[in-house]
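Here's the structure we're looking at; comments come further down.
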Amino acid sequence: GSQVVDRKVDSVCPFCGVGCLITYNVRAGKIVSVDGRDGPANHGRLCVKGRFGYDYVHHEQRLTRPLIRKAGVPKDDGTAPRPQDWREVFREATWEEALELAAGKLRGLRDQYGPKSLAGFGSAKGSNEEAYLFQKLVRTGFRSNNVDHCTRLCHASSVAALLEGVGSGAVSNQVNDVENADLIIVIGSNPTANHPVAATWMKNAAKRGTKIVLADPRITDLGRHAWRVMQFKADTDVAMLNALIHAVIEEGLANETFVRERTANFEALRENVKGYSPEAMAPICGVPAQVLREVARAYATAKGAMILWGMGVSQHVHGTDNARCLIALASVAGQIGKPGSGLHPLRGQNNVQGASDAGLIPMMFPNYQRVDNAGAREWFQKFWNTPLDDRPGYTVVEIMHKALADDSDPHKIRGMYIMGENPAMSDPDLNHARHALASLEHLVVQDLFMTETAWLADVVLPASAWPEKTGTVSNTDRMVQLGKRAIDPPGDAKPDLWILQEMARRIGLDWNYEGEECGVAAIYDEMRQAMHAAIKGITWERLQRESSVTYPCLSEDDPGQPVVFTESFPTADGRVKLVPADIIPADERPDAQFPYVLITGRQLEHWHTGSMTRRAAVLDAIEPMATASMNGSDMQKLGLQPGDVVTVRSRRGEVAIHLRRDDGTPAGAVFIPFAYYEAAANLMTNPVLDPFGKIPEFKYCAVQVVPG
Ligand code: SF4
């Protein structure tokens with residue numbers, strides 16, 4: 001920040017769900033640096049991504065003109081070598097031509113094959129207003145509920161369990177409430193890499209005496225600050241968590257008042273965990289019975305205790321069961337509904353909370369109103385003045401299957417509109433997903449770069465980056481936060497709200513949002529009405545003044561509610577529903593041919609599929625290439641050294657990748673981040689789904705590791 005700048009513009013970090021407030025420093029139309037602002041989630045702190053990950057917006061590979069696939073160029077689904085330059089595949093076009101083609105083809109498919117022949121993926125990287133408009137476009141323009149986004153790959157199972165158990169999918173307490181906790185359990189999450197500023201709150205709490213319990217198959221950096229580390233065997237979450245619940249109940253440490261007054265179904269839970277004593281579960285989960293009992297006692301007797309979790313919990317075929325166990329554990333111990341006691345599924349993307357709230361999901365309208373609830377549907381039919389589909393749409397992975405369905409299937413998906421997501425990198429079993437995308441009759445992709453997904457498009461629409469537009473995003477703490485436009489998009493690239501409205505008009509919708517910045521304030525206000533009470537008190541004007549307001553926020557003088565469920569739960573009977581869970585093994589276990597477990601995830605410097613951070617000079621310089629982490633004992637067994645190239649192969653695909661020694665990764669497993677297109681981890685992952693959240697099992701599949 002010491003450079004001379006023309007302008008300072010307040011915004012929000014575009015990477016993770018922590019939602020650090022930032023200031024862009026702008027000189028001659030370019031961002032030259034970023035400062036941390038004193039936001040409620042960050043108090044001036046930033047991680048390396050927030051501080052240095054801004055120059056992707058000025059990268060020479062930004063798309064600056066609409067593109068149309070040249071006639072006769074086949075779609076490369078990974079089976080043939082890709083040309084070096086996208087100009088061999090696409091030609092530049094005017095907006096008029098590209099929009100007419102993009103919308104005209106989708107409209108034509110809808111009219112010929114019916115509404116179910118189309119689907120849309122919106123983005124948790126876009127603003128709330130973009131998410132709201134996108135789902136409205138699909139529901140009212142495509143006329144079906146086939147709309148989803150990467151929440152399906154993230155916390156869909158956590159949200160399924162939370163809606164069922166406590167009646168709301170959002171966090172009960174904010175991250176910095178760990179200040180008020182005596183003990184925190186961090187499970188299936190690597191916050192120092194993936195929520196770095198949130199991790200600082202945890203480490204600062206530990207310094208003041210809060211006990212951290214890290215429960216994870218991989219011992220990550222937070223382990224250095226932990227009071228106890230429970231390195232459980234991958235896939236044994238339910239065994240370990242049921243053992244904790246068993247110990248709390250059978251040692252007489254349950255909070256009887258809370259159980260009696262605020263829960264339902266306790267007897268069934270108690271009966272179910274009888275067979276899960278710590279002593280019986282220790283050999284299964286690999287955590288000594290003594291440690292399980294110590295942790296159970298400390299958790300149940302703490303004055304305040306929080307549980308924070310990540311994808312390690314959610315991305316399993318038993319992801320919903322894992323989250324049910326966490327809800328049950330918190331409830332029997334009475335560790336929810338007060339400051340310092342609660343449940344916090346750490347949201348990954350900067351706006352995955354907000355995009356879900358805004359209705360970017362196939363079974364719910366905005367604010368989690370089910371599409372198959374007649375009352376909710378009638379309300380939205382009136383609100384949007386159009387008939388609506390009464391059946392939930394397909395989810396992310398289901399849409400890929402439906403793209404490859406038989407011609408006779410009336411629900412075969414033939415056309416898609418993808419805004420700001422990169423399923424050709426982020427979906428499980430990429431060979432299948434890329435084949436599905438390539439087989440569409442018409443694919444429209446709206447993005448900043450020629451992503452792996454855009455390569456498969458018929459029309460590519462050049463969009464705007466976060467600092468190039470004004471909008472709101474909602475972080476993991478339920479804070480609605482405002483970002484203002486700092487710079488203009490390059491060339492002919494356009495704001496996404498503009499593109500969405502142009503597409504909608506050509507699909508036949510009569511939209512009319514007026515005002516600055518593509519009518520963003522009018523769109524926000526419409527969304528606020530659709531969300532009913534939740535953000536009623538968070539007006540556009542208030543956001544201009546305050547930058548960040550927590551919801552629920554019922555009126556303009558409501559400061560927002562950081563802790564919820566203090567009186568009752570938003571369930572039908574006001575109580576937590578306890579749901580017993582039993583052990584369901586991973587879909588694909590290691591065997592003689594594929595003896596290792598592949599665990600995928602993220603790393604500090606790179607964000608998701610890498611399209612932004614790998615084009616940020618500092619971040620790319622720190623972590624320039626893909627690596628697979630392996631325990632030293634396994635490397636010795638295989639005669640491998642750090643830096644060696646190995647082939648990691650599953651039944652579905654393989655990558656060649658350099659080895660990195662990491663003794664925190666358990667023996668028998670290999671960890672690969674999914675950010676690298678040249679060694680795409682998701683070529684190998686298993687697309688099998690959790691039956692409730694429809695989330696794929698990214699955290700567990702069987703692979704072989706061979707030299708060279
Ligand atoms: Fe951005 Fe998250 Fe880092 Fe904060 S912690 S600077 S929101 S990536």
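Keep in mind that this is a model prediction, so the values were computed, not measured. Just follow the structure's listing: the first ligand is 1, and inside any ligand the first atom is 1.
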Please write down residue, atom name and distance for the protein heavy atom closest to [atom].
| atom | result |
| --- | --- |
| atom 2 (Fe) of ligand 1 | C16 SG, 2.3 Å |
| atom 7 (S) of ligand 1 | C20 N, 3.4 Å |
| atom 3 (Fe) of ligand 1 | C47 SG, 2.3 Å |

At less than 4.0 angstrom from any non-hydrogen atom of [X], what atoms of ligand 1 do you find?
| X | result |
| --- | --- |
| G50 | 6 (S) |
| F15 | 8 (S) |
| G19 | 7 (S) |
| V197 | 4 (Fe), 5 (S) |

### R62 bridged to E468 by N-O distance under 4.0 Å
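Result for this pair is yes, salt bridge flagged.
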### Query
Within 45° of the axis and under 6.0 Å from the centre of the six-membered ring of W201, does NZ or CZ of R45 qualify?
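Ring-cation test returns yes.
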### Message
Distance to the ring centre below 6.0 angstrom and angle to the axis at most 45 degrees; does that hold for R614 and Y676?
### Response
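Relative to the ring axis of Y676, which defines the angle, R614 lies outside at least one limit.
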### Query
From atom 1 (Fe) of ligand 1 out to just under 2.8 Å, does an N/O/S atom of C13 turn up?
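Yes, within the cut-off.
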### Task
Please test R37 against S547 for side chain to side chain donor-acceptor pair (under 3.5 Å), starting from the C-alpha separation and ending with a verdict.
CA-CA 11 Å; R37 256 199 299 158; S547 282; 3.0 Å; yes
### Message
Y24 vs D10, test: side chain to side chain donor-acceptor pair (under 3.5 Å). Steps then yes/no.
### Response
CA-CA 6 Å; Y24 286 118; D10 286 346; over 6 Å; no
### Task
Begin from the C-alpha positions of E516 and K469 and carry the test salt bridge (Lys or Arg N to Asp or Glu O under 4.0 Å) through to its verdict.
CA-CA 11 Å; E516 291 169 13; K469 54 201 178 187; over 6 Å; no
